[in-house]
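Position 1 is the first residue of the sequence; numbering continues from there.
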Amino acid sequence: MASGNREKKRESGLSRGAYRIGDFLKEKGRVDAETIEQAIAIQRERPETRAGARQRLGDILTEDLGVDRHIVYQSLAELYGFREIHIEPKTMEEERLSAVRELLDRLPDEVRTQVLNKRVIPFPEGPEASGTLQILAADPTEPFIETLASRLGHRKYEAAYVRLEVLDELIDRIAPPKNEFLELIEEATQAAEVIEEEEKVRIDEEALDAEINQSLLGSLVEGSLVEAVRRGVSDIHIVPQEGNRVEFHFREDGKLYLWHTQEGTKPEAVSAVLKDRAINVDRFERERAQDGFIQRKIDGHLLRFRVSVLPIVGEEFERKLESVVIRILDDRKVITDLEKLGLQGKTQEAFVQSIKKPQGIVILTGPTGSGKSTTLVAALYYVMDPSVNVLTVEDPVEYMIRGARQIKINPDKLNFEQAVRAILRHDPDIVMVGEMRDLETAQIAIKLANTGHLTFSTLHTNDAPSAVSRLYKMGVEPFLIANAINVVVAQRLVPTLCSNCKRVIENLDPSVPLSLGFTEEEIEAVPFYEAVGCEACRMGYKGRAGIHEALLFTKNIRRLILRAGETVDEEAIREQAVEDGMMSLRASGRERIKQGITTFEAVAAATTE
């Protein structure tokens with residue numbers, strides 16, 4: 001009986017606190033009632049901590065349901081009477097940064113780590129003369145704030161709200177994370193130099209070199225993983241060169257940049273050290289392609305790295321050299337909110353209309369690295385709920401999708417084609433087939449779409465209309481294509497201009513915008529920007545944005561496909577789609593240019609007409 005009363009008290013306590021926040025968010029029109037109720041239901045189901053607390057509603061809204069973090073925590077600050085502080089860490093004087101560092105240096109290491117992880121920063125800008133400490137926080141209701149004030153000897157403190165991304169910038173300036181592996185490389189090199197110079201003890205030089213090199217290469221590999229994650233890199237390329245050199249390249253914002261050159265080291269040694277760290281890779285196999293993965297916890301987050309090893313030919317033909325590419329799979333970058341994909345106007349309408357249907361196939365097209373997987377995952381999160389069975393067949397699995405059953409591929413026991421066939425017997429409602437690689441896979445995906453299942457998949461084609469002819473050439477019947485497909489979305493990623501240094505083009509040559517389809521009226525009215533370059537960017541660009549075209553299968557489009565003879569008329573499909581309201585890739589790119597987001601050169605490079 002007493003246990004039941006305690007349960008009721010805990011339940012009512014949960015409801016009062018959660019509903020107070022929920023009611024405030026609803027009253028202000030910042031979060032809809034359905035999302036609030038869903039968050040409260042999740043909170044109620046989550047187990048309590050040892051202290052008897054449940055996960056906080058704000059965290060559930062942002063982490064589980066994809067609500068904008070700033071909206072939630074700015075509202076919490078407003079509800080509980082916390083001030084919002086606006087600071088500019090990038091332009092902050094070194095004197096102010098040093099004052100923050102001095103406060104942090106007074107803390108024990110474990111408390112300092114908590115301060116940085118919880119994003120609660122003591123900031124000597126408040127009314128310290130009155131003995132009050134100002135603490136900036138991404139969540140001003142964080143209980144640790146009181147502990148921090150006490151540790152710094154302040155009974156009185158004021159918590160203030162600051163956006164998470166701004167606090168991250170501040171932390172990068174006051175306490176940039178150290179790459180301990182790269183420090184080990186430097187220490188190992190210095191140790192070798194000291195021993196070589198002094199020769200104070202007689203030792204086996206070869207054994208020393210082997211030990212130092214093994215330590216150095218291990219630290220180099222681990223250091224490259226850490227550095228790539230912190231820089232937001234998508235891929236690491238490890239490339240053997242002549243003369244016992246190995247180059248490490250980072251792909252940032254779609255382009256490769258040289259990060260490090262390892263001199264005087266055999267490429268075979270570097271690849272051996274790396275393969276030792278990867279799962280499902282044979283260190284002693286050097287003549288066939290291999291795929292594996294690495295898992296590491298970096299800065300408190302568990303990350304996965306997909307490893308691709310490929311034998312290549314060098315100038316010394318007898319050597320067995322290998323190129324290694326590591327794809328960084330950071331689940332923190334997964335977009336779960338469809339609104340954040342940046343789909344424009346009618347493209348978004350067509351896409352949402354298509355994925356809301358109970359059946360049919362939605363196809364994403366584009367080259368490798370164009371963001372197809374990101375769009376598919378966002379679409380899945382949009383349509384998923386506990387009442388449907390969602391299955392995915394991917395090889396390899398890139399991102400973990402909460403609420404979906406992601407089939408594990410094993411080349412020896414369950415390959416991609418077998419897995420695609422098996423899902424037909426597993427009572428699916430929604431299916432994602434990573435790629436339609438051949439006729440058999442395409443036919444199964446289309447069979448699913450035609451038998452009451454919503455199906456998502458990808459193809460490698462240049463644009464949306466060419467996906468139709470690609471399926472036709474694979475051997476899929478025109479009537480199946482016409483009846484099964486809801487929409488084909490082609491996409492590209494274009495580099496975005498750095499907001500710090502972009503500038504308006506003064507002496508514009510009108511032939512350039514005219515060649516991209518701009519009208520003379522637009523050229524007169526719109527300010528066009530060019531890349532400049534500064535310390536904060538790469539040659540004037542920082543980040544990427546998507547451009548899309550959505551070929552919605554209207555009655556007119558289906559009729560054209562059904563009339564196909566020996567070939568599919570892509571041009572006729574394209575013209576009809578534009579007439580039906582489709583925005584082409586280039587037209588989408590023009591909108592990005594008009595918004596001041598990218599340049600003529602970037603859109604011209606990403607699109608063809």
Hey, does the side chain of [X] reach the backbone of [Y] with a donor-acceptor pair shorter than 3.5 angstrom?
{"X": "Gln406", "Y": "Ile401", "value": "yes"}
{"X": "Lys118", "Y": "Ala137", "value": "no"}
{"X": "Thr62", "Y": "Val67", "value": "no"}
{"X": "Thr496", "Y": "Gly543", "value": "yes"}
{"X": "Arg163", "Y": "Ile85", "value": "no"}
{"X": "Arg492", "Y": "Val603", "value": "no"}
{"X": "Thr598", "Y": "Val494", "value": "no"}
{"X": "Ser75", "Y": "Ile71", "value": "yes"}

For [X] versus [Y], what's the shortest heavy-atom pair and its separation?
{"X": "Pro122", "Y": "Val115", "result": "CD-CG1, 4.2 Å"}
{"X": "Ala228", "Y": "Ile328", "result": "CB-CD1, 3.4 Å"}
{"X": "Thr599", "Y": "Tyr529", "result": "CG2-O, 3.7 Å"}
{"X": "Ala278", "Y": "Ile294", "result": "CA-CG1, 3.7 Å"}
{"X": "Pro267", "Y": "Val246", "result": "CA-CG2, 3.5 Å"}
{"X": "Ile174", "Y": "Leu97", "result": "CG2-CD2, 3.6 Å"}

Side chains of [X] and [Y], heavy atoms from C-beta outward: is any pair under 4.5 Å?
{"X": "Arg277", "Y": "Glu222", "answer": "yes"}
{"X": "Ile326", "Y": "Leu274", "answer": "yes"}
{"X": "Leu133", "Y": "Phe123", "answer": "no"}
{"X": "Lys26", "Y": "Asp32", "answer": "no"}
{"X": "Phe250", "Y": "Leu256", "answer": "no"}
{"X": "Glu146", "Y": "Tyr157", "answer": "yes"}
{"X": "Arg56", "Y": "Ile60", "answer": "no"}
{"X": "Leu497", "Y": "Ile597", "answer": "no"}

- Task: In sequence, state the C-alpha distance, the side-chain angles, and the governing distance for Glu94 and Arg101, and then conclude on salt bridge (Lys or Arg N to Asp or Glu O under 4.0 Å).
- Result: CA-CA 10 Å; Glu94 185 59 37; Arg101 291 190 194 103; 2.6 Å; yes

- Assess whether atom CD of Glu110 is packed by more than 12 heavy atoms of other residues, nucleotides or ligands within 6.0 Å. yes

- Message: If you count every heavy atom of other residues, nucleotides or ligands that lies below 6.0 Å from Lys266 atom NZ, does the total exceed 12?
- Response: no

Just how far is it from atom [atom1] of [X] to atom [atom2] of [Y], taken to the nearest 0.5 Å?
{"X": "Leu61", "Y": "Ile40", "atom1": "CG", "atom2": "CD1", "value": "8.5 Å"}
{"X": "Phe293", "Y": "Ser308", "atom1": "CZ", "atom2": "OG", "value": "15.0 Å"}
{"X": "Leu116", "Y": "Ile121", "atom1": "CG", "atom2": "CD1", "value": "5.5 Å"}
{"X": "Glu88", "Y": "His86", "atom1": "CD", "atom2": "NE2", "value": "10.0 Å"}
{"X": "Arg173", "Y": "Met92", "atom1": "CZ", "atom2": "CE", "value": "8.0 Å"}
{"X": "Ile36", "Y": "Phe24", "atom1": "CD1", "atom2": "CZ", "value": "11.5 Å"}

- Would you sort out whether Arg230 and Glu227 count as a salt bridge (Lys or Arg N to Asp or Glu O under 4.0 Å), showing the intermediate values? CA-CA 5 Å; Arg230 289 175 178 168; Glu227 196 70 11; 5.3 Å; no

- Query: Between Glu247 and Arg245, is there a side-chain N and carboxylate O pair less than 4.0 Å apart?
  - Reply: yes

- Partner set under side chain to side chain contact (heavy atoms under 4.5 Å, CB included) for Ala138, not counting sequence neighbours: Arg69, Arg119, Leu164, Leu167

- Report yes if the distance between the aromatic ring centroids of Phe600 and Phe528 is under 6.0 Å, otherwise no. yes

- Message: Are Tyr161 and His70, when compared by the centres of their aromatic rings, separated by less than 6.0 Å?
- Response: yes

With distance as the sole criterion, is a donor-acceptor pair present between the side chains of [X] and [Y] under 3.5 Å?
{"X": "Gln491", "Y": "Ser370", "value": "no"}
{"X": "Gln114", "Y": "Arg151", "value": "no"}
{"X": "Tyr73", "Y": "Asp68", "value": "no"}

- Those residues that, when tested against Asp253, pass side-chain hydrogen bond (donor to acceptor under 3.5 Å, both in side chains) (two or more places apart): none

- Message: Using the side-chain hydrogen bond (donor to acceptor under 3.5 Å, both in side chains) criterion, which residues pair with Lys255? Sequence neighbours excluded.
- Response: none

- Message: Working note: Arg106 + Leu103, criterion side chain to side chain contact (heavy atoms under 4.5 Å, CB included); need CA distance, chi angles, decisive distance, verdict.
- Response: CA-CA 5 Å; Arg106 286 160 49 185; Leu103 286 173; 3.2 Å; yes

- Take His249 and His260, measure what side chain to side chain contact (heavy atoms under 4.5 Å, CB included) needs, and give me the verdict at the end. CA-CA 7 Å; His249 296 260; His260 175 76; over 6 Å; no

- For Lys28, which residues count as a salt bridge (charged side-chain N to carboxylate O under 4.0 Å, His left out) partner, sequence neighbours excluded? Glu78

- Message: Taking salt bridge (charged side-chain N to carboxylate O under 4.0 Å, His left out) as the definition, give me every residue that meets it alongside Arg304, ordered by chain and number, with sequence neighbours left out.
- Response: Asp331

- In sequence, state the C-alpha distance, the side-chain angles, and the governing distance for Gln262 and Thr265, and then conclude on side chain to side chain donor-acceptor pair (under 3.5 Å). CA-CA 7 Å; Gln262 183 61 31; Thr265 302; 3.3 Å; yes

- Show the numbers, then the answer: is there a side chain to side chain contact (heavy atoms under 4.5 Å, CB included) between Cys498 and Tyr541? CA-CA 5 Å; Cys498 172; Tyr541 295 99; over 6 Å; no

- Query: Does Arg538 count as lying over the ring of Tyr257, i.e. NZ or CZ under 6.0 Å from the six-ring centre, within 45 degrees of the axis?
  - Reply: yes

Which donor-acceptor pairs under 3.5 Å do side chains of residues 500-507 form with protein atoms, sequence neighbours excluded?
| residue | atom | partner | partner atom | Å |
| --- | --- | --- | --- | --- |
| Lys502 | NZ | Gly596 | O | 2.8 |
| Arg503 | NE | Glu530 | OE2 | 2.9 |

- Start with the C-alpha gap between Phe248 and Leu258, add the side-chain angles, then the distance that decides, and say whether side chain to side chain contact (heavy atoms under 4.5 Å, CB included) holds. CA-CA 6 Å; Phe248 285 67; Leu258 179 64; 5.8 Å; no

- Message: Could you walk me through whether Arg83 and Gln134 satisfy the side chain to side chain donor-acceptor pair (under 3.5 Å) test, starting with their C-alpha distance in whole Å, then the side-chain angles of each, then the deciding distance to 0.1 Å, before giving a yes or no?
- Response: CA-CA 11 Å; Arg83 285 195 303 143; Gln134 181 172 263; 3.0 Å; yes

